[in-house]
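Here the structure is laid out as structure tokens; the discussion comes afterwards.
Atom set for the values below is all heavy atoms of this structure, side chains included, hydrogens, waters and symmetry mates excluded. Protein chains get the first letters and strands the later ones, always in sequence-line order, with residue 1 at the start of each.
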There are 2 protein chains.
Amino acid sequence: MDSKIFNLKAKLEVYKAMTNGANFADCPVRDVIQGISGKWSSLLVMALAEKPYRFGELRRLVPDISQRMLTQTLHDLQRDGYVHREVFPTKPPSVEYSLTDLGRSMFDPLYHLVQWAELNHDAVRDARAAFNATQD
Amino acid sequence: MDSKIFNLKAKLEVYKAMTNGANFADCPVRDVIQGISGKWSSLLVMALAEKPYRFGELRRLVPDISQRMLTQTLHDLQRDGYVHREVFPTKPPSVEYSLTDLGRSMFDPLYHLVQWAELNHDAVRDARAAFNATQD
DNA sequence: AGTGCTGGTCTCTTTTTGAGACCACTCAAC
DNA sequence: GTTGAGTGGTCTCAAAAAGAGACCAGCACT
């Protein structure tokens, strides 16, 4: 099967799903995308894809997240079924966060996007520099 | 080549790129990801992937975006090199927005994520319902 | 002269985020 | 026994971002 034709067909399907027939409102895809497009969500999913982490470990791993946002983002990821939260009754109780099957299945496309970002951050940096130059 | 092994290898590469050697700070990948993970960015890129649109068309296409955020998001997308802005000197001057090559190349991984969202929004909805049930 | 369409900007309010203090608990060192 | 650090958070307040809506110049049509 020709990949280009496949892509065009698939694009149309997804586009229809997004537009929900002529408008973008009330679209479940938007709902899901917005849930994972938060400032810290993708970062935490990427981290937890490597291995489960405890709360404090994540805080040290992502030093510029506030404790408040770490709590809240993990809570949201748990609510949407991406992350599993397990409390271990150790002497100081420890809490471990890990990806669920759903979270792992999302890691795959997310990883493609991250890979793209890795390949293209130079182009983006150049575009920004060029754009800023025109603004002077 | 075994796809699983390839994925694991690639994961490690990207993980190293993201962690920048043991910490997530000062990471260009984060910079790029955050630029496209805004509330409206992915939506506009998806729309413009179909065909170029004018400002007013985008506003009608995405009815719940404020004019202010539409202006600003398009401006940011243009600054980062994803979107081209062209002014046509018609009687009321019209402005057309279209994807650049960089924007089109980003559409591909973004599209995978949207496709995943389309396939899994039921699971997310169920997870939310189940989670909310435990909170009662 | 009034109305509408173009692509915006400006101001104000509400929401989201960030910074940092605080908390109860436990363990280990002093 | 008392201090200090580590556990996973919550609470409060300030700053930043986003949403709502008025406003604007220019032109066309009526």
Side-chain angles (χ1 to χ4, degrees), chain A residues 23-27 30-31 33-44 47-48 51-80 83-98 131 134-135, chain B residues 23-27 30-31 33-44 47-48 51-80 83-98 131 134-135:
Chain A
N23 74 321
F24 280 93
D26 304 326
C27 170
R30 271 182 68 184
D31 188 37
I33 292 290
Q34 290 202 3
I36 61 181
S37 75
K39 182 169 183 181
W40 303 106
S41 313
S42 56
L43 192 54
L44 293 178
L48 292 176
K51 64 172 183 129
Y53 279 107
R54 293 175 49 186
F55 186 88
E57 291 176 319
L58 287 172
R59 193 156 54 90
R60 283 185 291 273
L61 197 60
V62 188
D64 53 347
I65 193 176
S66 66
Q67 210 164 353
R68 196 181 145 284
M69 284 314 292
L70 181 55
T71 302
Q72 184 178 312
T73 306
L74 286 171
H75 177 271
D76 290 350
L77 290 174
Q78 184 194 1
R79 174 174 52 78
D80 288 1
V83 159
H84 174 70
R85 177 181 187 269
E86 189 160 7
V87 182
F88 293 100
T90 51
K91 321 87 193 183
S94 60
V95 180
E96 188 181 85
Y97 292 92
S98 56
F131 185 84
T134 68
Q135 300 307 88
Chain B
N23 74 321
F24 280 92
D26 304 326
C27 168
R30 273 182 67 184
D31 189 34
I33 292 290
Q34 290 203 2
I36 61 181
S37 75
K39 182 170 183 180
W40 304 105
S41 313
S42 56
L43 192 56
L44 293 179
L48 293 175
K51 64 172 185 131
Y53 278 108
R54 293 174 49 186
F55 187 88
E57 290 176 320
L58 287 172
R59 192 155 54 91
R60 283 185 292 272
L61 197 61
V62 188
D64 53 345
I65 193 176
S66 67
Q67 210 162 356
R68 194 181 147 283
M69 284 314 293
L70 182 55
T71 302
Q72 185 178 310
T73 306
L74 287 171
H75 176 271
D76 290 350
L77 290 174
Q78 184 193 2
R79 174 175 51 78
D80 289 0
V83 159
H84 173 70
R85 177 180 187 271
E86 189 160 8
V87 182
F88 293 99
T90 51
K91 321 91 197 183
S94 60
V95 181
E96 189 181 85
Y97 292 91
S98 55
F131 185 84
T134 69
Q135 300 305 89

Report yes if at least one side-chain N or O of B:Arg60 is closer than 4.0 Å to OP1 or OP2 of C:dT6; otherwise report no.
-> yes
B:Gln72 has an atom CD; how far is it from atom P of D:dA17, in whole Å?
-> 9 Å
Minimal non-hydrogen separation, B:Ser37 against A:Gly38, with atom names | OG-O, 4.2 Å
Taking every non-hydrogen atom, the tightest pair across A:Leu70 and A:Phe55 | CD2-O, 3.8 Å
Expressed in angstrom and rounded to an integer, what is the separation of B:Ile65 atom CD1 from C:dG7 atom C1'?
-> 14 Å
Find the distance A:Phe88:CZ to C:dT26:C1' and express it as a whole number of Å.
-> 19 Å
Identify whether any heavy atom of B:Gln67 sits under 4.0 Å from a base atom; if not, whether one sits that close to sugar-phosphate; answer base, sugar-phosphate or nothing.
-> base
Nearest to the side chain of B:Met69 - D:dT10, D:dG8, D:dA18?
-> D:dA18
Calculate the interatomic distance between B:Leu44 atom CG and D:dA18 atom P; express it in whole Å.
-> 13 Å
Would you indicate which nucleotide in D:dT7, D:dG8, C:dG7 comes nearest to any side-chain atom of A:Pro92?
-> D:dT7
Hey, which sits more toward the 5' end of DNA chain C by its nearest nucleotide, A:Pro93 or A:Gly38?
-> A:Gly38
Tell me what B:Arg59 touches on the nucleic acid: a base, only sugar-phosphate, or nothing, going by heavy atoms under 4.0 Å.
-> nothing
Correct closest heavy-atom pair for B:Tyr97 and B:Val83 would be CD2-CG1, 3.7 Å
Among D:dG8, C:dG7, C:dG8, the one nearest A:Val95 by side-chain distance = D:dG8
Counting only side-chain N and O atoms of B:Lys39, is one of them less than 4.0 Å from OP1 or OP2 of D:dG19?
-> yes
May I have the distance from A:Tyr53 (atom OH) to D:dT7 (atom P), rounded to whole angstrom?
-> 15 Å
Taking all heavy atoms of A:Gly35 and all of A:Ser41, pick out the closest pair and write down the distance.
-> O-OG, 3.7 Å
Minimum-distance nucleotide (side-chain atoms of B:Arg54 versus D:dG19, C:dT6, D:dT7) | C:dT6
Round to a whole Å and report the spacing from CG of B:Leu70 to P of C:dT9.
-> 11 Å
Of the listed C:dG8, D:dG9, D:dG19, the closest approach to the B:Trp40 side chain comes from D:dG19
Nearest heavy-atom neighbours spanning A:Leu48 and A:Tyr53 | CD2-N, 3.7 Å
Could you state the atom-to-atom distance from CD of A:Glu57 to P of D:dG8 in whole Å?
-> 8 Å
With heavy atoms under 4.0 Å as the rule, sort B:Tyr97 into base, sugar-phosphate or nothing.
-> sugar-phosphate
Whole angstrom is fine here: how far is it from NZ in B:Lys91 over to P in C:dT6?
-> 12 Å
Return the nearest nucleotide to the side chain of B:Arg68; candidates are C:dT11, D:dG9, C:dG7.
-> C:dT11
